Amino acid sequence: MFDAQTIKSFKSQKTPFYYYDLGLLRRTLDEIKNHGLSKGYHVHFAIKANFNLPILEEVRKAGLGIDCVSGNEIKRAVEAGFTGDQLAFAGVGKTDEEIQVGLDHDIFSFNCESLQELEILNGLAQKSGKTANVSIRLNPNVEAKTHRYITTGLNENKFGITADRLPKLFDMLPGLKNISLTGIHFHIGSQITDLQPFTDLCNRVNEMQDLFEENGVRLDHINVGGGYGIDYEKVDENPIPDFKSFFEVFDRNLELREGQQVHFELGRSIVGQCGSLISKVLYIKEGATTNFAVVDAGMTELIRPALYQANHRVDVLTSDKPHKTYDVVGPICETSDTFQKGIQLPEIERGDLVAIRSAGAYGEVMSSAYNLRDRVKAVYSK
Ligand SMILES: *Cc1c(COP(=O)(O)O)cnc(C)c1O
């Protein structure tokens with residue numbers, strides 16, 4: 001977990017704060033290099049998972065690109081030293097201004113999510129005297145076997161276009177003079193730990209490739225998105241996801257054409273485990289069936305438990321007394337502001353420190369000022 005030195009350093013910091021283990025991040029990126037980049041795959045970090053500059057610096061040094069879902073994310077990626085040709089831009093609701101940001105930076109790919117968006121993009125590209133590189137996001141209707149709020153690849157979800165729209169797309173393409181359709185894009189959901197959905201996805205990709213070729217469209221890029229999950233329970237046993245098995249699924253199942261490039265957009269699996277939310281116990285309250293440990297971090301710092309019923313491990317850093325039963329709750333005036341219910345923890349008292357683990361992805365980026373709270377800070381290891 002954390003060594004004594006690190007815990008000691010936590011005691012001199014104002015809580016709550018995010019702590020990022022950059023050493024773990026580097027080791028995680030090394031695995032991606034060894035098992036993904038080594039196969040010639042292109043990996044884009046989904047910047048929406050964590051947009052802190054020291055994190056982006058490690059990602060850039062490892063040779064990854066960036067996957068953006070807003071104009072400001074494009075700007076942040078550029079600020080962090082990435083070039084336009086390393087950036088993909090997805091999202092169902094890109095505004096004209098955001099599209100313009102992408103055009104201005106000559107990004108690698110607009111991942112377009114509707115036929116109307118293609119028309120708008122074509123018009124804006126024409127005005128700028130440019131040709132936009134586009135991957136069309138297809139909804140593969142693949143069950144991701146994850147929480148329904150983070151499932152994105154079913155027909156009922158708002159993302160991408162469904163197969164029945166494709167004849168219309170093929171009709172439209174010759175008229176879209178300022179668009180170069182270079183790829184197809186998929187993203188089926190998040191926190192997917194079972195590899196079967198990715199195998200299913202590969203099979204859909206192969207079918208789609210055939211269909212595009214039958215309609216005279218040759219694809220340079222296949223973008224299979226992200227969604228690979230992390231182990232929220234055995235955090236210290238599994239700090240790095242099994243990228244070898246993950247990339248092998250695509251290696252084994254994708255039927256690639258000569259010269260075709262494969263792209264991934266991984267977020268959680270890259271940064272999830274390197275971040276913890278460090279918080280101090282404010283009060284212990286004995287309840288009828290449990291003890292409430294009220295900590296100074298809440299859903300304002302980490303909303304995932306309240307939003308997705310996400311389970312983040314809570315470790316006590318400053319007590320090794322015998323265990324008692326606790327509900328670990330935040331200070332915010334919402335019942336859902338609860339991190340854990342009925343868990344066994346070493347007996348804690350006011351002033352003890354806890355670490356809420358696996359919080360590097362979709363943690364700090366979703367923090368808010370609800371209840372007029374101070375914005376949470378970040379602390380980095382060497
Ligand atoms: C969020 C998102 C990702 C990253 O998802 P993870 O589960 O964090 O890997 C990739 N692609 C798109 C289009 C996304 O919206």
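We count ligands from 1, going down the list as the structure has it; atoms in each ligand are counted the same way. Here the structure is a predicted model, which means the values were calculated and not measured. For the numbers below, each heavy atom of this structure counts, side chains included, while hydrogens, waters and symmetry mates do not.
With sequence neighbours excluded, no residue satisfies side-chain contact (heavy atoms from CB on, under 4.5 Å) with D320. Remark: K33 pairs with D30 by the salt bridge (Lys or Arg N to Asp or Glu O under 4.0 Å) rule, at least two apart or across chains.
Between F10 and Y19, the ring planes are perpendicular. Angles over 60° get that label, and only those under 30° would be called parallel. Taking the six-membered ring where the residue is Trp, Y20 and Y380 present parallel rings, their angle staying beneath 30° rather than reaching 60°.
When only interatomic distances are considered, the shortest N/O to N/O separation between G226 and ligand 1 does not fall below 3.5 Å. Distances between N or O atoms of R268 and those of ligand 1 include at least one value under 3.5 Å.
Regarding atom 8 (O) of ligand 1, its nearest protein heavy-atom neighbour is Y362 OH, 2.5 Å. From the protein, the heavy atom lying nearest to atom 11 (N) of ligand 1 is E265 OE1, 2.7 Å. Shortest contact from atom 14 (C) of ligand 1 to any protein heavy atom: K48 NZ, 2.8 Å. Of the protein's non-hydrogen atoms, S190 OG, 2.3 Å is the one closest to atom 7 (O) of ligand 1. Ranking the protein heavy atoms by distance from atom 4 (C) of ligand 1 puts A46 CB, 3.4 Å first.
At least one side-chain heavy atom of D315 sits less than 4.5 Å from a side-chain heavy atom of M1.
Of the candidates G227, G229, A90, S269, the one placing a heavy atom closest to atom 9 (O) of ligand 1 is G227.
By the criterion of a heavy-atom distance under 4.0 Å, the side chain of D67, and not its backbone, is placed next to ligand 1.
Distances shorter than 4.0 angstrom do not occur between any heavy atom of H44 and any atom of ligand 1. Residue contacts with ligand 1: A49 is excluded, as none of its non-hydrogen atoms falls under 4.0 Å.
For D67 (side chain) and H44 (main-chain N/O), no donor-acceptor pair under 3.5 Å exists by modelled atom type.
For R350 and Y283, the positive end sits near the middle of the six-membered ring, less than 6.0 Å away and at most 45° from its axis.
Residue L266 has at least one heavy-atom neighbour below 4.0 Å for each of these atoms of ligand 1: 9 (O). In the vicinity of R137, heavy-atom distances shorter than 4.0 Å reach the ligand 1 atoms 13 (C).
Shown are F264, F243, Y228; of these, the ring-ring contact (aromatic ring centres under 6.0 Å, His included) with F250 is made only by F264. Among F186, F108, Y41, the single residue meeting the ring-ring contact (aromatic ring centres under 6.0 Å, His included) criterion with H263 is F108.
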